[in-house]
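Only one structure is covered here, and it is reproduced in the block below.
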Amino acid sequence: MSLKESLHIMVVDDMSTSRGLICQALDEIGISNYSSEVDGRDALPKLVARPVHLVISDQNMPHLEGLGLLEALRQNKSTSRIGFILVTGTPTPEIIGQGQKLGLNNLLKKPFTVPAMQQCIESVVGRL
């Protein structure tokens, strides 16, 4: 079984269009084992109950932003090692710095291309 076939990803984004673009990119890359949630608050209990290999999360969401979700995942033993990619249109030095402190694996700036998404994922999980 290839990495593409075995990799489990959760996409977390409150905007259906953005969520759809991320999922479409995953499809084009050849990754089919993914699920999605509309914000960090909904994603967190599902990730604790059933951890995935990688989370691709938007930063700006209601209830629980991307970095808040990352922090909660890093504090839980069963989710502390999940790969985490933050997607944002505004990668400010503050966001980047806080992400690094929390153990962010990578950051992808919106808008993104499918090759950029694949390269970003590969930097976290290895060659697909």
Side-chain angles (χ1 to χ4, degrees):
M1 181 182 283
S2 74
L3 182 57
K4 284 184 188 180
E5 295 169 335
S6 63
L7 192 63
H8 291 272
I9 296 175
M10 180 178 284
V11 176
V12 185
D13 197 315
D14 61 315
M15 301 286 291
S16 61
T17 303
S18 296
R19 216 172 33 251
L21 289 171
I22 295 170
C23 293
Q24 182 179 0
L26 294 175
D27 288 337
E28 288 184 40
I29 293 167
I31 297 170
S32 58
N33 285 328
Y34 60 83
S35 59
S36 63
E37 292 297 332
V38 297
D39 67 34
R41 184 180 65 183
D42 292 341
L44 184 58
K46 292 178 180 169
L47 288 165
V48 170
R50 190 169 179 186
V52 296
H53 299 111
L54 178 65
V55 171
I56 301 174
S57 176
D58 184 34
Q59 167 58 13
N60 296 315
M61 297 181 290
H63 310 299
L64 184 60
E65 291 188 330
L67 290 177
L69 175 59
L70 172 60
E71 183 174 19
L73 292 174
R74 293 294 184 252
Q75 291 175 353
N76 186 302
K77 187 177 180 188
S78 67
T79 60
S80 64
R81 297 181 51 85
I82 290 176
F84 199 98
I85 295 173
L86 188 69
V87 183
T88 181
T90 54
T92 64
E94 294 78 24
I95 289 173
I96 294 167
Q98 186 180 2
Q100 289 173 337
K101 286 180 190 170
L102 295 172
L104 180 67
N105 296 95
N106 210 337
L107 185 137
L108 186 63
K109 186 177 184 321
K110 292 183 199 178
F112 58 85
T113 63
V114 174
M117 171 72 77
Q118 182 167 346
Q119 184 178 22
C120 187
I121 292 170
E122 286 180 342
S123 74
V124 177
V125 301
R127 188 146 174 85
L128 297 172

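All values below were derived from every heavy atom in this structure, side-chain atoms included, with hydrogens, water molecules and symmetry-related copies excluded.
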| Are I82 and L7 joined in one hydrophobic group, where the rule is that I, L, V, M, F, W and Y side chains link up if heavy atoms are under 4.5 Å apart? | no

| task | Tell me, yes or no, whether the heavy-atom count around K101 atom NZ, taken from other residues, nucleotides or ligands under 6.0 Å, exceeds 12. | result | no

| task | Kindly give the heavy-atom pair with the smallest separation between L69 and G40, and that separation in Å. | result | CD1-O, 3.9 Å

Cut-off 3.5 Å, no hydrogens considered: what does the side-chain donor-acceptor table look like for residues 115-128, sequence neighbours left out?
{"unit_1": "Q118", "atom_1": "NE2", "unit_2": "E122", "atom_2": "OE2", "d": "3.1"}
{"unit_1": "E122", "atom_1": "OE2", "unit_2": "L128", "atom_2": "N", "d": "3.0"}
{"unit_1": "S123", "atom_1": "OG", "unit_2": "N106", "atom_2": "ND2", "d": "2.4"}
{"unit_1": "S123", "atom_1": "OG", "unit_2": "C120", "atom_2": "O", "d": "2.7"}

Could you pull out every donor-acceptor pair under 3.5 Å between side chains of residues 9-23 and any protein atom, sequence neighbours left out?
{"unit_1": "D13", "atom_1": "OD1", "unit_2": "M15", "atom_2": "N", "d": "2.9"}
{"unit_1": "R19", "atom_1": "NH1", "unit_2": "D13", "atom_2": "O", "d": "2.5"}

| Considering residues at least two apart in sequence or located in another chain, which fulfil the salt bridge (Lys or Arg N to Asp or Glu O under 4.0 Å) criterion with E28? | none

| said: Which residues pass the salt bridge (Lys or Arg N to Asp or Glu O under 4.0 Å) test with K46, not counting sequence neighbours? | reply: E37

| query | Are L104 and M61 in one and the same hydrophobic cluster, where Ile, Leu, Val, Met, Phe, Trp and Tyr link if side-chain heavy atoms are under 4.5 Å apart? | reply | yes

| field | Contact check, side chains of V55 and T79, non-hydrogen atoms, under 4.5 Å | value | no

| said: Looking at K110 and V87, would you say the former's side chain and the latter's main chain have a donor-acceptor pair under 3.5 Å? | reply: no

| request: Check whether any side-chain heavy atom of T90 lies under 4.5 Å from a side-chain heavy atom of Q59, and answer yes or no. | output: no

| remark: Smallest heavy-atom separation, A72 atom then L44 atom, equals CB-CD2, 3.7 Å

| Would I56 and F84 show up in the same hydrophobic cluster when neighbours are defined by side-chain heavy atoms closer than 4.5 Å? | no

| said: Do L47 and I31 land in one hydrophobic cluster if side-chain heavy atoms of ILVMFWY residues count as linked below 4.5 Å? | reply: no

| note | Here the ring pair (Phe, Tyr, Trp, His ring centres under 6.0 Å) pairs for residues 6-54, sequence neighbours left out, are H8-H53

| Under the ring-ring contact (aromatic ring centres under 6.0 Å, His included) test, residues paired with H63 that sit two or more places apart | none

| said: Between L73 and L107, is there shared hydrophobic-cluster membership here, with clusters defined by ILVMFWY side-chain heavy atoms closer than 4.5 Å? | reply: yes

| request: Look up atom CD in E5 and atom OG in S32, then write down how far apart they are to the nearest 0.5 Å. | output: 7.5 Å

